[in-house]
Structure formats: structure tokens, C-alpha cells
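Numbers here are sequence positions counted from 1. Just so we're clear, the structure is a prediction, and the values are computed from it rather than from any experiment.
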Amino acid sequence: MALRNHSTVTEFILLGLSVAPHVQVLLFVLFFMIYLLTLMGNLMMLLLIRIDSYLHTPMYFFLSHLSFIDLCFSSVTVPKMLENLLSQTKTTSVRGCLAQVFFVSFTAGTEACLLSVMAYDRYAAICHPLLYGQIMSKQLYMQLVWGSWGLGFLDALINSLLAMNLVFCGVQIIHHFSCEMPSILPLSCSDVSKNIVALLCSTFLHGLGTFLLVFLSYAHIISTILSISSTSGRSKAFSTCSSHLSAVTLYYGSGLLRYLMPNSGSPIELIFSVQYTVVTPMLNPLIYSLKNKEVKAAIRRTLGKHFQRIRC
């Protein structure tokens with residue numbers, strides 16, 4: 001009965017990245033600029049892929065979904081972070097926190113699946129170039145994309161439904177700037193064993209599982225590239241997957257470490273979270289535009305058409 005009386009807790013306190021007012025102002029400016037760059041960069045990629053017919057290929061179909069998921073991923077966490085940096089109370093409702101947990105899990109899980117799908121696409125293009133059109137048919141790449149969204153949703157739904165049964169009591173302080181499953185489980189005064197098992201299964205099966213698919217794809221890709229006799233051929237083959245490899249390294253390098261390390265609110269834990277939830281969505285469109293010749297050519301074509309219309 002005493003436990004039930006404590007279940008009236010309706011708010012969490014998000015401590016964020018700093019409690020110093022002058023540091024919070026600087027952080028607000030920094031993350032506001034990062035958020036604007038994230039919005040502009042990913043919207044540019046979506047628009048460019050939409051209007052340029054040369055980019056209507058499976059690779060850029062996957063990239064358009066990656067840009068959209070990065071928009072969603074950043075919008076789930078950054079606006080609330082910006083609000084708390086300017087607020088004195090820094091509170092969030094339990095329901096709002098659980099909703100954020102769901103959408104963080106949904107977008108993060110979907111992005112992991114998309115990155116593994118894009119790795120398979122690069123494997124098919126480099127290791128089997130003559131059969132690429134048959135392997136990566138429209139039916140298959142549509143199924144791969146919607147399967148990625150479906151797996152991300154299912155993973156988030158299972159963990160969130162289990163979290164809805166938790167009872168929270170006492171002082172509810174989250175040593176973080178957003179609500180994530182590893183941050184809220186220690187705050188519950190009910191049995192969280194099922195939640196921990198579900199979270200570990202998600203991390204190992206979904207996170208490490210997709211990473212293993214990426215690793216196997218790139219093992220075959222590297223083996224194929226090394227077997228190419230000419231230096232120019234190896235360079236051209238590697239350039240087709242270097243952008244994706246950079247995105248994979250940034251995302252998995254910080255995301256997996258965040259979920260595998262013990263929850264403590266330590267600075268390194270916060271840095272990993274900032275990396276994969278805030279910085280990576282901003283960097284992905286820059287990586288794909290600066291390191292990709294086809295995207296740069298599409299930008300030149302689009303700008304050329306625009307200037308021609310102005311002259312006319």
C-alpha cells in the first residue's frame with residue numbers, strides 16, 4: 001500500500017549537461033546552431049534526392065530515409081534540451097518522458113537497421129557489380145526500408161510497454177539531458193528485471209546484430225577491394241562506400257558504448273549521448289555531400305538550373 005501511495009510521482013527532473021547559468025547560455029547557442037544545421041542539411045539531402053533524377057537509385061533511396069530519420073532523431077531530443085537550458089525548473093512529466101523514451105528507441109533502432117541495409121547495398125554494388133540490378137530490385141529495397149522501420153517500431157514498442165508498468169517513487173532526478181531507457185530504470189521502485197532483459201536483448205540482438213551485418217558486409221567489401229589490381233580501381237571502389245563507413249563509425253562507436261556502459265550520469269556517458277543523438281544527425285548530410293561525387297554533381301546541376309531560370 002505504501003508503494004502505491006508513492007506512485008503519484010508525475011515529474012522527472014532533467015539535470016542536463018551543466019548547472020552553471022553562463023555555461024547553459026553557451027550550450028543553448030551551440031546546440032541551437034547544431035539543430036539548425038541538422039534541419040537544413042537533412043532537408044537539403046531530401047530535396048536534392050527528390051528533384052535530381054540521377055539520384056533515383058537504391059543507394060539514395062536509403063539515404064533519403066536516413067536523412068528523414070536523422071531529422072526525427074534530432075527533433076526528439078534537441079528541442080527539449082534547448083528548453084531545459086533556458087528553464088529554471090528543468091522538469092518533464094512521466095508520460096512525456098516515456099514518450100521520449102519510445103521515440104528515441106524507435107528512431108535509434110530504425111537508423112541502425114538502415115545503416116546495415118546501406119552496408120548490404122554497398123556490398124552488392126562492389127562485390128557483385130554485374131548482378132547489382134538483379135540483387136537490389138525495387139521490391140527488395142522497398143522491403144528492406146520498410147522492414148527497418150518496422151523492426152525499429154517493434155523494438156521501441158516492446159520496451160515502452162514494459163516501462164509503462166513501472167512505478168516511480170521518491171526524488172526523480174535524471175542525470176541526463178533526455179529520457180532514455182538506461183536513465184529511467186534506476187529510478188523505479190518496482191521490479192525492473194523484465195525491463196533489463198528486454199533492454200539487453202534489444203541492445204545485443206538489434207544493436208550488435210545490425211553491427212554484425214555491417215561488419216560482415218565490409219569484410220567482403222574490403223576483401224574485394226584488395227583483390228583489385230589497379231590503384232585507381234581500388235580508390236574508386238573505396239570512394240563509393242567511404243561516406244557510409246564514416247557514418248557507421250560515428251553512430252555505432254558512440255551509440256553502442258552508451259547502451260553497454262553502466263548508467264551513472266558521468267561526463268563520458270553524456271558525451272556519447274550527445275554524439276549519437278545530436279552531432280551525428282548533423283554530420284551525416286555533410287559527410288554524404290562533401291565526400292560523395294554524385295551528390296556534389298547533383299548540387300551543381302541543381303544550382304545551374306536555378307541560375308539559368310534567374311537569367312531567363
Side-chain angles (χ1 to χ4, degrees), residues 14-49 63-88 90 92 96-97 99-101 103-112 114-115 118 152 174-180 182-183 243-259 265-292 295-296 299:
L14 289 166
L15 290 186
L17 298 172
S18 175
V19 295
H22 63 285
V23 175
Q24 289 180 354
V25 172
L26 293 175
L27 289 174
F28 176 86
V29 174
L30 173 63
F31 287 113
F32 181 70
M33 294 302 297
I34 289 175
Y35 187 53
L36 286 181
L37 288 173
T38 302
L39 294 179
M40 291 188 295
N42 285 289
L43 286 173
M44 182 204 73
M45 290 300 300
L46 285 169
L47 181 62
L48 193 64
I49 294 170
L63 181 56
S64 66
H65 280 264
L66 182 66
S67 294
F68 181 71
I69 203 70
D70 277 337
L71 277 175
C72 298
F73 201 0
S74 184
S75 298
V76 168
T77 56
V78 179
K80 184 63 180 177
M81 181 203 297
L82 294 175
E83 177 190 339
N84 285 342
L85 285 171
L86 296 181
S87 174
Q88 294 294 325
K90 306 184 188 306
T92 183
C97 191
Q100 190 176 48
V101 166
F103 285 110
V104 167
S105 300
F106 179 27
T107 51
T110 304
E111 179 150 350
L114 283 174
L115 288 172
M118 293 172 75
I174 298 177
H175 298 272
H176 210 275
F177 59 85
S178 66
C179 293
E180 296 183 43
S183 301
S243 298
H244 178 256
L245 188 58
S246 300
V248 165
T249 302
L250 286 171
Y251 184 75
Y252 280 100
S254 54
L256 282 178
L257 288 173
R258 164 69 180 99
Y259 275 81
S266 63
I268 189 67
E269 178 186 315
L270 294 175
I271 289 171
F272 285 146
S273 291
V274 168
Q275 172 65 53
Y276 87 94
T277 62
V278 181
V279 178
T280 298
M282 177 195 69
L283 291 180
N284 278 345
L286 294 175
I287 290 170
Y288 279 98
S289 59
L290 294 177
K291 299 185 69 175
N292 192 301
V295 172
K296 288 189 284 189
I299 293 173

> For residues 37-45, which side-chain donor-acceptor pairs fall under 3.5 Å, sequence neighbours excluded?
from  : atom 1 : to     : atom 2 : distance (Å)
Thr38 : OG1    : Ile34  : O      : 2.8
Asn42 : ND2    : Thr38  : O      : 2.9
Asn42 : ND2    : Pro281 : O      : 3.0

> If I take atom CG from residue Asn284 and atom CG from residue Leu115, how far apart are they, to the nearest 0.5 angstrom?
7.0 Å
> Donor-acceptor pair, distance only, cut-off 3.5 Å: does the side chain of Gln100 make one with the backbone of Val76?
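Here the side-chain-to-backbone pair exists.
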> Looking only at heavy atoms, what is the nearest atom pair of Ala112 and Tyr252, with distance?
O-OH, 3.1 Å
> About how many Å separate CD1 of Ile174 and OG1 of Thr92, when rounded to the nearest 0.5 Å?
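Between Thr92 OG1 and Ile174 CD1, I get 7.5 Å after rounding to 0.5 Å.
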> Drop me the distance from Phe73's CZ to Thr107's OG1, to the nearest 0.5 angstrom.
4.5 Å
> Could you tell me whether a side-chain N or O of Ser74 sits under 3.5 Å from a main-chain N or O of Leu71, the two making a donor and an acceptor?
no
> As a quick check of understanding, evaluate side-chain contact (heavy atoms from CB on, under 4.5 Å) for Met282 and Tyr35, giving each step before the final call.
CA-CA 7 Å; Met282 177 195 69; Tyr35 187 53; over 6 Å; no
> Indicate the atoms forming the closest heavy-atom contact of Leu46 with Ser67, along with that distance.
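Heavy-atom minimum between the residues: CG-CB, 4.0 Å.
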> Can you label the angle between the Phe103 ring and the Phe106 ring as parallel, tilted or perpendicular, going by 30° and 60°?
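If you compare the ring of Phe103 with that of Phe106, the planes turn out tilted.
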> Just by distance, do the side chain of Lys90 and the backbone of Leu15 share a donor-acceptor pair under 3.5 Å?
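No, the answer is negative, given that no donor and acceptor are paired below the 3.5 Å cut-off.
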> How close do Ala108 and Tyr251 get, counting heavy atoms only, and between which atoms?
O-OH, 2.6 Å
> What closest approach, in Å, do Glu180 and Val104 show between heavy atoms, and which atom pair accounts for it?
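Glu180 and Val104 have their closest heavy atoms at CG-CG1, 4.2 Å.
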> Restricting to pairs with a member in residues 72-88, which pass salt bridge (Lys or Arg N to Asp or Glu O under 4.0 Å), not counting sequence neighbours?
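Sorted pair list: Lys80-Glu83.
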> Does any part of the side chain of Val274, heavy atoms only, come nearer than 4.5 Å to the side chain of Phe31, both counted from C-beta?
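The answer is yes, as the side chains (C-beta and beyond) meet within the 4.5 Å cut-off.
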> Name all residues meeting the side chain to side chain donor-acceptor pair (under 3.5 Å) criterion together with Gln275; count only those two or more places apart in sequence or in a different chain, and write none if there are none.
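Counting only residues at least two positions away or on another chain, Gln275 forms a side chain to side chain donor-acceptor pair (under 3.5 Å) with Thr280.
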> Could you give the distance from CE (Met118) to CD (Glu111), rounded to the nearest 0.5 Å?
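So the gap between those two atoms works out to 9.5 Å.
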> Distance from Leu82 atom CG to Leu30 atom CG, nearest 0.5 Å?
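Leu82 CG to Leu30 CG: 10.0 Å, rounded to 0.5 Å.
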> Heavy-atom distance under 4.5 Å between the side chains of Leu63 and Leu66, does that happen here?
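Yes, their side chains come closer than 4.5 Å.
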> Using only atom types and a distance under 3.5 Å, with no angle test, would you say the side chain of His176 pairs donor to acceptor with the backbone of Leu270?
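No, because the side chain of His176 does not come within donor-acceptor range (under 3.5 Å) of the backbone of Leu270.
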> With rounding to the nearest 0.5 angstrom, report the CG to CG distance, Leu14 to Asn84.
5.5 Å
> Go through Thr277 and Phe177 one step at a time and tell me if the side-chain contact (heavy atoms from CB on, under 4.5 Å) criterion holds.
CA-CA 11 Å; Thr277 62; Phe177 59 85; 3.8 Å; yes
